[in-house]
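Order of the sequence lines sets the chain letters (A, B, ...), proteins ahead of strands, with each chain counted from 1. Scope of the values below: all heavy atoms of this structure, side chains included, with no hydrogens, waters or symmetry mates.
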Amino acid sequence: MKFLPASDSERKQMLAAIGVSSIDDLFASVPPAVRGKPDLPAPLSEIEVRRFLGGLASRNANARDTAFFLGAGVYNHYVSSIADQMLYRAEWLTAYTPYQPEVSQGTLQSIFEFQTHICLLTGLEVANASLYEGASALVEALLMADRLVKGRRRAVLSAGIHPEYRETARTYFTNLGLEIVEVPLSAAGVTDPAALAAAIDATTFAVAVQSPNFYGLVEDWRVASEAARTSGALSIAVVAEAVSLALLSPPGAGGADIACGEAQSLGVPMHNGGPLLGFLSCKTDHQRQIPGRLVGQTRDAEGRRAFCLTLSTREQHIRREKATSNICTNQGLMALASNIHMSLLGKEGLREVALQSHAKAEYLKREIAKVPGYRIPYGGPTFNEFLVEVEGDGAVDAADLLDRLARRRILGGVPLSRYDRADRRRFVVAATELNTRAEMDVFVAALAAEAASAGHTGA
Amino acid sequence: MKFLPASDSERKQMLAAIGVSSIDDLFASVPPAVRGKPDLPAPLSEIEVRRFLGGLASRNANARDTAFFLGAGVYNHYVSSIADQMLYRAEWLTAYTPYQPEVSQGTLQSIFEFQTHICLLTGLEVANASLYEGASALVEALLMADRLVKGRRRAVLSAGIHPEYRETARTYFTNLGLEIVEVPLSAAGVTDPAALAAAIDATTFAVAVQSPNFYGLVEDWRVASEAARTSGALSIAVVAEAVSLALLSPPGAGGADIACGEAQSLGVPMHNGGPLLGFLSCKTDHQRQIPGRLVGQTRDAEGRRAFCLTLSTREQHIRREKATSNICTNQGLMALASNIHMSLLGKEGLREVALQSHAKAEYLKREIAKVPGYRIPYGGPTFNEFLVEVEGDGAVDAADLLDRLARRRILGGVPLSRYDRADRRRFVVAATELNTRAEMDVFVAALAAEAASAGHTGA
Amino acid sequence: MSSTDVFETPVSDRDRLHPEPRVEPLIFERSGQGKRGYSLPPLDVPDTVAIPKDLLRTEIEGETQVSEVEIARHFTRLSRLNFSIDQGLYPLGSCTMKHNPRVNEEMARLPGFAAAHPLAPEEASQGSLELAWRLERALAELTGLARVTLQPSAGAQGELAGILMVRKALEKTGRPRTTVLIPDSAHGTNPASAHFAGYKVRELKSNPKGTVDLAALETAMTEDVAALMLTVPNTLGVFEDRILDIARIVHAKGGYLYCDGANFNAFVGVAKPGRMGVDVMHMNLHKTFSTPHGGGGPGSGPVAVTESLAPFLPRPTVERRSDGRFVLDFDRPDSIGRLRTFLGNYGMFVRALSYIASYGNRIGEVAENAVVNANYIRAGLAGVYHLKYDAPSMHEVVFSDKSQVDRGVSNMDIAKRLMDYGFHPPTVSFPLIVHGALMIEPTETEGKPGLDAFIHAMREIARECAEDPDIVRKAPHTTPVRRVDEVGAARNLVLRWRPGAP
Amino acid sequence: MSSTDVFETPVSDRDRLHPEPRVEPLIFERSGQGKRGYSLPPLDVPDTVAIPKDLLRTEIEGETQVSEVEIARHFTRLSRLNFSIDQGLYPLGSCTMKHNPRVNEEMARLPGFAAAHPLAPEEASQGSLELAWRLERALAELTGLARVTLQPSAGAQGELAGILMVRKALEKTGRPRTTVLIPDSAHGTNPASAHFAGYKVRELKSNPKGTVDLAALETAMTEDVAALMLTVPNTLGVFEDRILDIARIVHAKGGYLYCDGANFNAFVGVAKPGRMGVDVMHMNLHKTFSTPHGGGGPGSGPVAVTESLAPFLPRPTVERRSDGRFVLDFDRPDSIGRLRTFLGNYGMFVRALSYIASYGNRIGEVAENAVVNANYIRAGLAGVYHLKYDAPSMHEVVFSDKSQVDRGVSNMDIAKRLMDYGFHPPTVSFPLIVHGALMIEPTETEGKPGLDAFIHAMREIARECAEDPDIVRKAPHTTPVRRVDEVGAARNLVLRWRPGAP
Ligand SMILES: Cc1ncc(COP(=O)(O)O)c(C=O)c1O
Ligand SMILES: Cc1ncc(COP(=O)(O)O)c(C=O)c1O
């Protein structure tokens, strides 16, 4: 077997040294009744593995061979060759959680740098070493708030938060006796300040709003943070498209107590939805309730600057059921990828990527708005994503429309019907710095053609 | 500029330290008359570079998206993922010739292992650290023989040697006053022993034969080595498909004095013809005339086994015009790739690859032979490559036929007309372990269809 | 300005005097005006910012300005400060640090996977859906259970998913019950996950063999207990030989048997949890199935369940329709919901399936060799280090520092000293029931020469503890940094670099 | 058998006592029955061997039997014994060890290049032909010359190609002439290449400035001289400020001016050899244009020539037809022929064009920064190390050990000592006209901090030479192996491992 280094004679010598005559003797404690060989095919050679998995891969449309406008939580941004090639290095790829700092300074310093980048982007003071992804990051933020604001049971969530994030929060909460109140969006498609204030009461420990929200509209962090402050709750800023942090006023500046969400778009490929990169940052006062790993700076026995995992008394391996979270393995390699990416782009690059993504989306939005048969339901400011509505009697289902475009190698957006069967005429369209004007024009033309065949005629 | 690490202020400080006021002052010795800015486009971003070069790449048929039967000196063999991923490591990729052994043991030991593999495969005693590729390797072997057999001027080459190798030899020789005699092949398509003996005289210093020869036919090394020995010349075994060394009787066993050629098929991708991997091995008596780098085993000051470049007194940087060769930079990274590949496959794998390549070619040869309109001109044993002749009045040009197949994503072979305009009906077909029976059957069916449309009808 | 002011003296010579840079500046400390490591194409659409000023920021203060050159240097040099599997034995107990086959990395990077989007139309995603479906089938076959969810991001989330399914199943019967039983040898994520599933945790004392005390279980296993979370083999590397009795006791009271499958590496392909009476089990693809640990993830923690728990699986499931098409099924009314976005850590699915396909029906050799290796180390160190529980070892063996403490040397000191011998230390201070634990898991991908070198080093260290304990107490001596002050780090928290900070 | 016989003691403890393995066994020493690192698909055609027995071998005696795990370990560990650009300054004079942009690696690995075959039909190769054509155009523009051949595999082969073209051109005029003039500062490949082109080599003494002595050139430049091979800037890093006079003298006698462009990095994008009167010039893509050095190649040595030498270019050339299609032109009756198979080291073309496209019309900044860096080092070490020729430096500066020899320290000792400070040594013992040379080329991709650290180290070493020369003479002290016995290696030749050898 190509991944097994023991030679026949070595194995014999080892069994002899152990003092058994066969491998089977070592499995004596496994009752015969529970044994069983798996009914799997014979081993595949590397060539066959490439054919098998390569064959499957070739049956997926991907961002490199389509005109690509999908977002809704996962974005197709530029990643430099150097980032991915660095990940091949065994020292990064095949190490584990840096429990032993003397032989893990590489990983530790990289995480420390990642924590710093996240703080700079969110405008908050402390960030952890990563969480799984955006939805569970929101849950961790909510549970953190619950610990910080003792004796309250209610979390208020804007309906503008990604539906999968909200569903995840419900999954966790229902079993913890915590209550979730969802505040519907205003006619403008953003969190309704009045409704939000109304939903908050003395039992509320957290108020969470996402910006840009699921419809792509930019929200004002201050709405949530002010509402929260008056009631003694904590405000949580949720970010699903982290590139926006380089252009939009950051959560910290907007008074958020905790920022959390998804940092995939900062250097992590889409990976068909995973591995992604959850992040969480907060104020210094709250750092002892932060979930997950934290890396701190310290010194070695000879006084050199060194780094190590710290505040581990918050964690499951020490606090068991009293831990701030059950998370153990997190998203280390993705945090590294993101650190490389953010460090490479830096001050100017992160901003330029955000500006270009925004400009491309604005162009596309304007062009689509011109096409008879479609409208942009909300006029508010968007970052790089916006909602499109198919006009008319509803004869045209957005999902079917998008399926037809997909056959022409245009992935034109995510239909809202995926999350609400009744919402059949709207879809979310995203653009990034990787979209060219040419492919956007192709997309717009295809939409026009669809509308025409559906009976719409230009004014 | 993204590859320039100096900040503006650092550059200023540096100019100040140097004591000049501007960069231009440092170019004072470059006459104004010779200055000139290049008329090139503005810098491309990484995204644009990917589009530009990716676009060019997409306009080449390649072995992954075609039924592939090209050989003639470059072969499409299996290479494991681990080999290529290793080459990304900066320690391998961004180091240079290991002039300083204390900080180059990795490269040095790898070359020492490569030299050993080549010796084991060729059955000879000494091998060098690599040469550019097969053709120049043959030249180096011939020049080496010329130095070893003093006062002779003539080299006898079998016409079965790759035409580009022979052309390269002529390029070098004409200017050195050395003579090349080419011995035509027999009616059986192999080197004619009688003709060979006849061509050799007292002025002959080398006799070179290739096996498998350019038509894919397996030659007997003993023919050349016996002919050479009787006349005091040295015999050179030329190998263009090194995988064959794992199955065929090696040059050393056949009495060859020198073995040389192309080792691309042992772990190096085809790279559109380069970088490839030239090799040369010989007997111990001749090692002081070997061209190129050599790594030897020695000890460090504390007695540890260590490796270093050795016998450098043969080389240009010391011997200048009296050097055994002008080669300096060789094919280091490819030698590493090949060392990884040979080490991974090893005793069984190298042989299994050879056996499978042979079996696939035998199947394909038999199937093509059955198709009316084509014949296999030579009946002798072949390894993984063979000649096919289009029958009939010559109405069908093999090159045109292969162009038509290429449009159907079948790269069916190399037409001999590429090397001899008159040779319009024959082409060389290669198969390797990567060809499936299915794609070979598709190829054969396509040949049959071509013949049918050209008016041939099955018996 | 005199040139000597300019030629700055770098970091201390002590550190220069070493071919490896021991101290690499933070990337932020490399920043400088006018440096840039990237470039973008010129904007091909009107340059507009259609967002109100008060919602914008003007700059990202403190962010880097560096060139690609410095990125290459920085991350290459940093990486060299790490120890990794590809350098040598990494016997971190319970973490299964095995070789990561490189073809897996190649497959996961295929654009059809790496550049695919989870919300693309199903028609445009048949390849990725089929892969998920096939991986589920393979894991079901290996566990002997009916269905599998691939959604959980890592083992801990798998535990939560599993317990939530149990809870949902019990709720159906009227009451979710209050308590989850967990042996004192369990991994910390077990109680933490049970807690976040809304259960009280009741700890089960292990018997002198280190396994479940059946009598204690009988009494603890009341109608209030939703499940027993059992690690098989347990964290001592001991297989519960009474597993069938344990299952009987748990089931008799209407409870569920949860298997923490992080140690599946010990018996994958040899035995099936389904036959042990296990109702629900999570696996760590990043352990048993060789997806790389990446310096701390990403992981992936699929959960296998019996037919009766299948209705409660997280949403969506991947189903194969009669016409062979693959679809996502959201319409699962009894589902616990979802634990994260999308399908899970998909890139890990690709790697795990690549691995399982490479072994096929010979995957049992993984467990066999893992167990041989652990027992070889046990034999080599028996008598040299104290073994609190001498029940037969499976894939790992847990020694302790008991024979060394009297020399003033702790398991942590021994761990640090191992670094000087060129090895990563074993897991220390876990499992909690072994004081001064040295938890050693070599995995199946270590050959005899590596094991011999490790055994030799451990024996040398034992000798040093007797003859010259200080060299062990002050270890490591040869690593990029010496012993790191972890207490100081927690006392005086510095969790980030700050603009303007030195 | 007692277990202690089995637990073998590994390589000496001195070597174990270091986190980096200092001695890695040969892969052949890892070999063992039953181990395998590969597998192939089952054969899907009849298993036949249709070759006579006497032409077959039965086995490859001594070849390896190892697992993939050991390959990963072996080559990862071996690599860590190397120093490389990405770890630190690698100021190897004349070799231009600059940063290798990573996008180049990605591009070269695209299947359309890496899995393309050089003999595929032209129609199926339009992309690769166009790339070669565009690279030729870019190099022609940068050199100010008419045509370029990409065929030569490295600089030395480029030199041979260039001189052969000169020879062919002269033959046309009746006689090829007998001699090539080469300054005593030239790289060894120059005379060697001239020799293999069939010419006698006549050495030109340099003047006290280290440049060409015009008077000497006047006398040496007879009608027997085919060409002057001139390195610009020369190997002292000095630009021939009389280059136009030199060209005039050479041309006046009907000779050709050959430019060794290995140092093109010093003026690429700033000046054009075509305007200097250069007739033929080779370039090293692996130096000026950043294709990686790969531990000793592959390189690529394109040659640019004037219109009048174009007919003699190696065969085939890549031409663009009026209809925009790209074709290979074999029909070149005056061509010197070919120097190797196919088009050349194509993978390097991809990388070089990627690099040139990334800089575009700003490529002059490469030369500017390379020259600034070299002069900064010169300023920092002036007075500390002896500078035999103090003419203005371009991209490199050549010091010597003259001020240190009296302390019994040689340039080689200084080179070795630099390793202890974390740097690769400069080039030593070349150019030959500087005894005890320390030839330093930082390239443009080194920032001030790295240069400062290097200058500091060189100054420290100078201090050590004065105060404690032994520490320098016995250096290096901190490398994986100590000073290596090169004399012993040549005296007692061991050039390969042998089956059964320990
Ligand atoms: C026994 C055991 N259970 C559970 C876990 C948790 O798995 P993960 O780290 O993937 O969340 C681990 C690994 O850390 C473990 O060793
Ligand atoms: C000045 C000079 N000329 C020629 C060469 C030869 O180039 P290559 O090593 O690519 O053959 C070199 C590099 O080694 C060089 O430095």
Side-chain angles (χ1 to χ4, degrees), chain A residues 5 10 14 18 29 34 36 40 43-44 53 56-57 59-64 70 90-91 94-97 101-103 105-107 116 132 164 171 175 269 271-275 296-298 300-301 306 310 316-317 320-321 323 326 329-330 332-333 343-344 346-347 349 363 381 406 414 437, chain C residues 27 37-38 44-45 51 63-64 78-79 81-86 107 110-112 115-119 124 127 153-154 156 188 191-193 195 198 201 239 241 272 275-276 293-299 337 341-342 345-347 357 360-361 376 447-448 479 481-484 489 494 496-497:
Chain A
E10 283 172 342
M14 288 163 73
I18 295 167
S29 53
V34 307
L40 290 173
L44 292 191
L53 295 176
L56 292 176
R59 283 164 45 213
N60 300 327
N62 71 76
R64 302 212 196 136
L70 304 182
E91 293 87 340
T94 75
Y96 197 24
T97 308
E102 297 81 3
V103 287
Q105 284 299 302
T107 296
T116 301
Y132 301 136
E164 297 197 19
T171 303
N175 308 292
H271 290 147
N272 197 31
Q297 179 180 311
T298 182
D300 80 349
T310 191
Q316 44 72 28
H317 61 278
R320 322 273 298 175
E321 61 269 34
N326 68 332
T329 297
N330 56 21
L333 199 66
S343 300
L344 183 73
K347 196 183 197 116
Y363 172 81
V414 176
R437 179 184 202 137
Chain C
I27 194 66
Y38 80 99
D44 59 359
V45 298
I51 299 170
E63 262 301 348
T64 53
L78 273 189
S79 74
L81 304 178
N82 275 0
F83 187 90
S84 67
I85 301 170
D86 285 3
M107 293 300 100
L110 292 170
H117 192 287
L119 301 177
S153 307
S193 301
H195 166 76
V201 173
F239 193 92
D241 54 357
K272 298 186 173 184
R275 299 187 182 176
M276 302 174 189
H293 284 66
T341 47
F342 314 120
N345 277 346
Y346 195 91
N361 53 22
Y376 183 68
K448 183 172 178 298
T479 46
V481 296
R482 300 291 304 275
R483 188 91 57 118
V484 170
V494 180
R496 57 170 290 192
W497 169 87

What part of [X] gets closer than 4.5 Å to chain C, counting heavy atoms only: side chain, backbone, both or neither?
{"X": "A/T310", "answer": "side chain"}
{"X": "A/H271", "answer": "both"}
{"X": "A/A63", "answer": "both"}

So which atom in [X] and which in [Y] form the shortest heavy-atom distance, rounded to 0.1 Å?
{"X": "C/P111", "Y": "A/R64", "answer": "CG-NH1, 3.4 Å"}
{"X": "C/S79", "Y": "A/E91", "answer": "O-CB, 3.1 Å"}
{"X": "A/P5", "Y": "C/G447", "answer": "CG-N, 3.4 Å"}

Winner by heavy-atom pair count (cut-off under 4.5 Å) against chain C, out of [options]:
{"options": "A/I18, A/L40, A/N60", "result": "A/N60"}
{"options": "A/A95, A/G346, A/S29", "result": "A/A95"}
{"options": "A/A306, A/P381, A/S343, A/A406", "result": "A/S343"}
{"options": "A/L56, A/V34, A/N272, A/N330", "result": "A/N272"}
{"options": "A/T97, A/V414, A/N175", "result": "A/N175"}
{"options": "A/P269, A/G349, A/A323", "result": "A/G349"}

(Q) Do C/Y376 and C/K448 make a side-chain contact, defined as non-hydrogen atoms from C-beta onward lying under 4.5 Å apart? (A)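 Heavy-atom side-chain distance check passes, below 4.5 Å.
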
Q. Heavy atoms, side chains only, cut-off 4.5 Å: are A/E102 and A/D300 in contact?
A.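 Result no, sub-4.5 Å side-chain heavy-atom pair not found.
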
Q: Pick whichever of C/A489, C/G127, C/S153, C/G360 has the most heavy-atom pairs under 4.5 Å with chain A.
A: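 Of C/A489, C/G127, C/S153, C/G360, C/G127 has the most heavy-atom pairs under 4.5 Å with chain A.
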
Q. Among C/A115, C/A156, C/G337, C/G198, who wins on heavy-atom pairs under 4.5 Å with chain A?
A.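 The candidate making the most pairs under 4.5 Å is C/A115.
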
Q) To the nearest 0.5 Å, what is the distance between OG1 (C/T64) and CD1 (C/I27)? A)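 One gets 6.5 Å once the value is rounded to the nearest 0.5 Å.
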
Q: Look up atom OH in A/Y363 and atom CG in C/D44, then write down how far apart they are to the nearest 0.5 Å.
A: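 Going from OH on A/Y363 over to CG on C/D44, the span is 8.5 Å.
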
Q: For the residue pair A/Y96 and A/T107, confirm or rule out a side-chain donor-acceptor distance under 3.5 Å.
A: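 Judged by distance alone, the side chains do not pair up.
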
**Q.** The single option from C/V481, C/L78, C/N82 passing side chain to side chain contact (heavy atoms under 4.5 Å, CB included) against A/Q105
**A.**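 Of the listed options, the one satisfying the test is C/V481.
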
Q: Would you mind checking which part of C/L110 comes under 4.5 Å of any heavy atom in chain A, side chain (CB onward), backbone (N, CA, C, O), both or neither?
A: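 Contact with chain A is through the side chain of C/L110 alone.
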
Q: Could you tell me which portion of C/M107 (side chain, backbone, both or neither) has an atom closer than 4.5 angstrom to a non-hydrogen atom of chain A?
A: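 Contact with chain A involves the side chain of C/M107 alone.
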
